[in-house]
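Only a predicted model underlies this, so the values are computations on that prediction, with no experimental measurement involved. The chain is numbered in sequence order, starting from 1. The analysis underlying the following values was restricted to heavy atoms, covering all of them including side chains, and did not include hydrogens, waters or symmetry mates.
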Amino acid sequence: MQMQGNTIFITGGSSGIGCALAAAFHRRGNPVIISGRREDRLKAICARHAGMAYFVLDVTDPNSIRSVARKVTSDFPALNCVFNNAGVQMRAGISADGSLDEQSLETEITTNLFGPIRVAAAFLPHLAKQAGATLVNVSSGLAFVPIARFSVYCATKAAIHSWTMSLRHQWRKSGVKVIELIPPYVGTELGGPRKQAMDLGPQPMTVDAFIAESLKELESDADEIAIADAKKLFAAASPESVKRIFDLING
């Protein structure tokens with residue numbers, strides 16, 4: 001992926017990884033457009049980074065996605081890079097009596113899986129017309145080795161990994177580079193205070209360290225980019241064997 005000369009749209013840009021990626025690419029001189037549900041945060045970020053733009057976007061709402069995609073591509077016709085970054089992490093498991101928190105379940109699956117698919121569908125036709133176009137889907141090391149207490153989150157990220165492989169194959173002749181960015185445990189708001197209080201294992205990677213390594217790796221020609229500790233989880237899934245079989249059954 002080229003690091004300069006892009007016009008970049010980032011979902012989930014009001015905090016965490018998305019916000020930090022936006023700032024990093026903006027510092028390199030790329031026009032950057034961020035999106036998220038919280039307009040106050042988006043405004044504050046753009047105020048700190050002169051020239052950065054924002055759109056309020058709810059990735060759980062198909063109409064919101066289509067509307068924002070039309071506005072972004074109209075206002076920024078040079079757009080050639082989209083980061084599918086928005087995500088939530090909840091504890092939408094099955095309780096001992098078999099009950100489900102239906103609202104949390106629907107929010108997690110819709111945000112983490114339906115959202116990226118719909119965002120890709122809304123932007124890919126435009127990206128296919130641009131030189132050096134890139135779509136980056138952000139998954140997780142937990143796509144490969146799950147943490148049971150975040151069972152649905154891990155399942156949605158595993159689905160993103162699988163879908164990204166297929167999407168890359170489907171759009172291989174379009175000129176759009178489809179990348180999967182695979183973060184480790186990063187110290188962001190994802191998961192909220194409950195997650196932070198219960199994490200007794202390894203300390204999270206700092207956002208700054210994650211961004212520095214991600215930018216370096218994105219400059220490569222790799223399709224799948226695992227960062228720091230996520231490399232171990234990615235390797236545990238034998239990606240080379242999976243790719244070999246994938247190529248075989250998909251011709």
Side-chain angles (χ1 to χ4, degrees), residues 8-22 32-39 41-42 45 53-73 76 79 81-92 100-128 133-143 146 150-168 170-171 176 178-183 186 188-192 195 214 224-225:
I8 302 172
F9 177 72
I10 301 176
T11 69
S14 62
S15 64
I17 287 172
C19 178
L21 281 169
V32 175
I33 309 102
I34 57 175
S35 68
R37 291 177 296 125
R38 297 171 289 188
E39 187 170 15
R41 287 201 175 194
L42 296 170
I45 293 165
Y54 77 85
F55 288 86
V56 176
L57 170 64
D58 180 359
V59 297
T60 69
D61 181 353
N63 292 326
S64 178
I65 292 171
R66 288 190 291 267
S67 175
V68 168
R70 285 193 298 269
K71 292 174 184 175
V72 171
T73 54
F76 300 91
L79 178 81
C81 182
V82 172
F83 275 79
N84 244 329
N85 169 73
V88 295
Q89 187 180 81
M90 300 179 176
R91 295 175 185 271
L100 289 168
D101 181 340
E102 294 286 353
Q103 183 174 356
S104 293
L105 179 67
E106 183 171 345
T107 297
E108 195 161 26
I109 293 175
T110 303
T111 302
N112 295 351
L113 182 56
F114 294 172
I117 293 172
R118 289 166 174 158
V119 167
F123 282 98
L124 274 170
H126 176 85
L127 292 178
T134 308
L135 173 70
V136 182
N137 292 331
V138 179
S139 64
S140 170
L142 300 181
F150 300 117
S151 58
V152 175
Y153 173 84
C154 297
T156 61
K157 291 302 185 178
I160 286 294
H161 168 66
S162 175
W163 167 66
T164 301
M165 288 185 68
S166 297
L167 188 69
R168 184 181 302 120
Q170 291 165 353
W171 285 75
V176 180
V178 179
I179 297 172
E180 180 180 0
L181 178 60
I182 308 166
V186 181
T188 69
E189 297 177 12
L190 185 69
K195 173 178 179 289
S214 295
E224 297 169 322
I225 299 171

Quiz prompt | CA sep, side-chain torsions, deciding dist, call: V72, F123, side chain to side chain contact (heavy atoms under 4.5 Å, CB included) | solution = CA-CA 9 Å; V72 171; F123 282 98; 4.1 Å; yes
Answer yes or no: is there a side-chain heavy-atom contact under 4.5 Å between [X] and [Y]?
X: N137; Y: W163; answer: yes
X: I45; Y: Y54; answer: no
X: R38; Y: S15; answer: yes
X: E39; Y: V56; answer: yes
X: Q103; Y: M90; answer: no
X: T134; Y: I179; answer: yes
X: L21; Y: I8; answer: no
X: S214; Y: L181; answer: yes

Gap between atom [atom2] of [Y] and atom [atom1] of [X] - 0.5 Å precision:
X: L79; Y: L127; atom1: CG; atom2: CG; answer: 6.0 Å
X: S139; Y: E180; atom1: OG; atom2: CD; answer: 3.5 Å
X: N112; Y: T60; atom1: CG; atom2: OG1; answer: 11.0 Å
X: E108; Y: D101; atom1: CD; atom2: CG; answer: 10.0 Å
X: S162; Y: M165; atom1: OG; atom2: CE; answer: 7.5 Å
X: I117; Y: T164; atom1: CD1; atom2: OG1; answer: 9.0 Å

Is the backbone of [Y] close enough, under 3.5 Å, to the side chain of [X] for a donor and an acceptor to pair up by distance?
X: T156; Y: Y153; value: yes
X: N84; Y: P116; value: yes
X: T73; Y: R70; value: yes
X: T11; Y: N85; value: yes
X: T188; Y: I17; value: no

Show every donor-acceptor pair shorter than 3.5 Å between a side-chain atom in residues 62-69 and any protein atom, with sequence neighbours excluded, or say none if there are none.
{"residue": "N63", "atom": "OD1", "partner": "R66", "partner atom": "NH2", "Å": "2.5"}
{"residue": "S64", "atom": "OG", "partner": "D58", "partner atom": "N", "Å": "3.2"}

Could you pull out the closest heavy-atom pair between [X] and [Y], with the gap in Å?
X: A22; Y: I34; answer: CB-CG2, 3.4 Å
X: C19; Y: S14; answer: CB-C, 4.2 Å
X: L167; Y: A120; answer: CD2-CB, 4.4 Å
X: F9; Y: S35; answer: CZ-OG, 3.5 Å

Practice problem: Any chance you could lay out the side chain to side chain contact (heavy atoms under 4.5 Å, CB included) test for L100 and E106, step after step, and finish with the verdict? | Solution: CA-CA 10 Å; L100 289 168; E106 183 171 345; over 6 Å; no
Practice problem: Any chance you could lay out the side chain to side chain contact (heavy atoms under 4.5 Å, CB included) test for I33 and F55, step after step, and finish with the verdict? | Solution: CA-CA 7 Å; I33 309 102; F55 288 86; 3.5 Å; yes
Self-check item: More than 12 heavy atoms from other groups under 6.0 Å of CD on Q170
Solution: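 Above 12, so yes.
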